Amino acid sequence: MSRERFEELVGEALDEVPEELLGLMSNVVILVEDESPPDDPELLGLYEGHALTTRGWDYAGVLPDRITIYRNPILRICDSEEDVVDEVAVTVVHEIAHHFGIDDERLHALGWG
């Protein structure tokens with residue numbers, strides 16, 4: 001799958017996130033990278049930053065949080081374009097949830113692991 005098509009799928013997954021939640025997201029950018037970090041080659045997505053639940057009165061002047069979706073690791077675990085669509089959607093929601101302070105344990109319990 002081309003990078004352009006993959007980026008479209010990430011955009012489509014974002015379109016499915018309720019407007020109310022997107023409106024609450026603050027100081028965050030969503031990126032697509034081809035490969036995950038060398039020390040975690042199977043990583044599908046990564047949230048880096050300060051979750052909304054940890055931001056205090058002194059949160060100011062910081063670079064945007066980053067949500068990165070890793071294209072090739074997702075493509076490696078999927079057998080069809082339909083699988084990629086589903087995995088991208090799950091990964092996008094999973095990483096957005098981290099922005100809202102939801103940890104992996106809770107996400108797995110909710111079926112978004």
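Any value given below was found using the heavy atoms of this structure, including those in side chains, with hydrogens, waters and symmetry copies removed. Numbers here simply count residues along the sequence, with the first being 1. Remember, predicted model here, so these are calculated numbers, not experimental data.
Once rounded to the nearest 0.5 Å, the distance linking NE2 of His94 with CG of Leu46 reads 9.5 Å. For the atom pair Asn72 CG and Ile77 CD1, the distance stands at 12.0 Å (nearest 0.5 Å). Interatomic distance, Leu44 CG to Arg71 CZ, rounded to the nearest 0.5 Å: 14.0 Å. Annotation: the span from Ser36 atom OG to Ile74 atom CD1 amounts to 10.0 Å, rounded to 0.5 Å. Here the straight-line distance linking atom CG of Leu9 with atom OG1 of Thr91 works out to 11.5 Å at 0.5 Å rounding. Leu22 contributes atom CG, which lies 10.5 Å from atom CD of Glu16 (distance to the nearest 0.5 angstrom).
The hydrophobic cluster containing Val93 does not contain Tyr70, counting ILVMFWY residues as joined when their side-chain heavy atoms lie under 4.5 angstrom apart, directly or transitively. Placement of Ile30 and Val88 within a single hydrophobic cluster is found when ILVMFWY residues are connected by side-chain heavy-atom separations under 4.5 Å, directly or transitively. Hydrophobic clustering (side-chain heavy atoms under 4.5 Å, transitive across Ile, Leu, Val, Met, Phe, Trp, Tyr) keeps Val29 apart from Leu24. When hydrophobic clusters are built by joining Ile, Leu, Val, Met, Phe, Trp and Tyr residues whose side-chain heavy atoms come closer than 4.5 Å, directly or via intermediates, Leu43 is not grouped with Leu75.
Scanning all heavy atoms of the two residues, the minimum distance from Phe100 to Leu21 falls at CZ-O, 3.5 Å. Pro41 and Pro73 make their closest contact through O-CG, 3.6 Å (heavy atoms, listed as atom of the first residue, atom of the second, distance).
With hydrogens and angles disregarded, a donor-acceptor distance shorter than 3.5 Å links the side chain of Glu95 to the backbone of Tyr47. One N or O on the side chain of Arg3 and one on the backbone of Val32 form a donor-acceptor pair closer than 3.5 Å. Side chain of Thr68 to main chain of Leu31: no donor-acceptor pair is present (N/O by atom type, distance under 3.5 Å, no hydrogens or angles).
The shortest side-chain heavy-atom distance between Leu14 and Ile96 falls under the 4.5 Å cut-off. By the 4.5 Å heavy-atom criterion applied to side chains, Pro64 and Asn27 are counted as neighbours.
Using a 4.0 Å cut-off between a side-chain N of Lys or Arg and a carboxylate O of Asp or Glu, Arg76 and Glu87 do not qualify as a salt bridge.
Screening Leu107, Asp65, Ile67 for a side-chain contact (heavy atoms from CB on, under 4.5 Å) with His98, the sole residue that qualifies is Leu107.
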